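One structure is given below, encoded as structure tokens.
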Amino acid sequence: MGLPDIRIPAELLPADGRFNCGPSKIRPEQVAALSAVAGDYLGTSHRQRTVRDQVARLRRGIAALFGAPDGYEVVLGNGGTTAFWEVATFGLVRERAQLASFGEFGQKLVDAMTAAPFLADPSVRTAPPGEAVALTGEDGVDVYGTPQNETSTGAAVPVRRVDGGLMLHDATSGAGGLPVDLAETDCYYFAPQKCLGSEAGLWLAILSPAALERAAEIHASGRYVPAFLDLTVAIDNSRKDQTYNTPSLSTILLAAEQVDWILANGGLDWSVRRCAESAAILYDWAERTDYTTPFVTDPGLRSTVVGTVDLADGIDATTVSAVLRANGVRDTEPYRKLGRNQLRVALFPSIEPADVAALTRCVDHVVGQLA
Ligand SMILES: *Cc1c(COP(=O)(O)O)cnc(C)c1O
């Protein structure tokens, strides 16, 4: 069956049709800033001042954006969040972690730590997709880990400390769009292709003094750690505003531009409010429209950075997303493995709330035409 030939009227279309949850929309101003310095920056040594100044700018900006308490350090390395899962497995867990798994990304950290032959299997707290589960104090556990925002389902949880272990928060899709008090965590880690509207391939982690100490302790214990995944190597390089191996220079500059843009607009409070405004537009529409339902039933768990909306039986979300795509409105498909009749929409700071409103009108139009 071919795709129905539905033209969405131009006046309904968003100004920017990018709604992917990562890689996500990069603002034209970021691209212009990169372009403006390109000749002196791209293709130059990452050991020289020009690039290290941008790494320093990014590290400084992130510490300011998240209000890093005294002694916390911004550390970075290559390989994105997926590499950081291995870094944390090798470098932050002494023996055993307790992990929350309520979607694909939380489960991937469970898989990484389960596979590590030098660790006991993690204690895993699970909830079905669309719900969430809290961590809780447990004997014999020295690390607690949870996603802040489960990008595969659109469920988000508050960042809250459990006493008796290091706290790790996967903030890959939350950092820069969700509130956080860093005193409640020891390791707030993320990648810049989501709320920071940059390219992928980098991981960033804000580490508390306790996490820095744990990394040093495990390093000193003699555990075999590949240099590429050695957190102490990343810490040493980050202190010199470098990465262990060659980073993507565009990723760093685009991320630094985004952090400074958020700071110039009022900081994290501003971006959190902006995402919440987009989320209210999406969920209000999903609640009042007869063929849509927010997938996350508990309003308190509904993410304000990644929105998921189920469509009624009889309206094929795959067709709706494909028609939207044919009209330049991209990447509203659900997380592939979730397998639901659903639209998933990024609500990151770069995305204009007005464009989320426009998207809802486009969906209404397409569904009306399909009927
Ligand atoms: C996107 C995402 C990841 C994976 O990030 P990569 O940089 O592609 O490895 C991990 N966790 C969460 C919560 C994500 O949203």
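Counting starts at 1 for both ligands and their atoms, in listed order. Heavy-atom basis, side chains included; hydrogens, waters and symmetry copies ignored. Just so it is clear, the model here is predicted, and its values are computed rather than measured.
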Evaluate ring pair (Phe, Tyr, Trp, His ring centres under 6.0 Å) for F84 paired with F190, printing each intermediate quantity in order.
-> CA-CA 9 Å; F84 189 77; F190 49 95; 9.8 Å; no
Has Q148 got any heavy atom lying under 4.0 angstrom from an atom of ligand 1?
-> no
W203 to ligand 1, any heavy atom closer than 4.0 Å | no
Pull out every atom of ligand 1 sitting under 4.0 Å from any heavy atom of K194, numbered as shown with elements.
-> 1 (C), 2 (C), 3 (C), 14 (C), 15 (O)
Check ion pair E257-R27 (N to O, under 4.0 angstrom) = no
Would you call R214 and D186 a salt bridge, using N to O less than 4.0 angstrom?
-> no
Proximity flag L202 to ligand 1, non-hydrogen atoms under 4.0 Å = no
Please identify which atoms of ligand 1 are closer than 4.0 Å to at least one heavy atom of N149.
-> 13 (C)
Indicate the ring-plane relationship of F105 and W85, choosing parallel, tilted or perpendicular according to the 30° and 60° boundaries.
-> tilted
Does R161 pair with D163 as a salt bridge, N-O distance under 4.0 Å?
-> no
Should T82 be counted as touching ligand 1, given the test is an N or O pair under 3.5 Å?
-> yes
Using a 4.0 Å heavy-atom threshold (strictly under), name the region of F84 that reaches ligand 1: side chain, backbone, both or neither.
-> neither
A191 heavy atoms within 4.0 Å reach ligand 1 at atoms 7 (O)
Examine ligand 1 and decide if any of its atoms is less than 4.0 Å from a heavy atom belonging to K108.
-> no
What protein heavy atom is closest to atom 5 (O) of ligand 1, reported as residue, atom name and distance in Å?
-> T81 CB, 3.5 Å
Proximal atoms of ligand 1 relative to T151 (non-hydrogen, under 4.0 Å) | 12 (C), 13 (C), 14 (C), 15 (O)
Rounded to the nearest 0.5 Å, what separation is found between the OG1 atom of T332 and the CZ atom of R344?
-> 10.0 Å
Cluster link F19 to W285, ILVMFWY, side chain under 4.5 Å | yes
Starting from atom 11 (N) of ligand 1, which protein heavy atom do you reach first, and at what distance in Å?
-> D170 OD2, 2.8 Å
Within a radius of less than 6.0 Å around CD of E95, do more than 12 heavy atoms belonging to other residues, nucleotides or ligands occur?
-> no
Is the shortest N/O to N/O distance between Q193 and ligand 1 below 3.5 Å?
-> yes
Spacing of S271 atom OG and F348 atom CZ [to the nearest 0.5 Å] = 12.0 Å
State the atoms of ligand 1, each with its element, that fall below the 4.0 Å cut-off from a heavy-atom position in S173.
-> 15 (O)
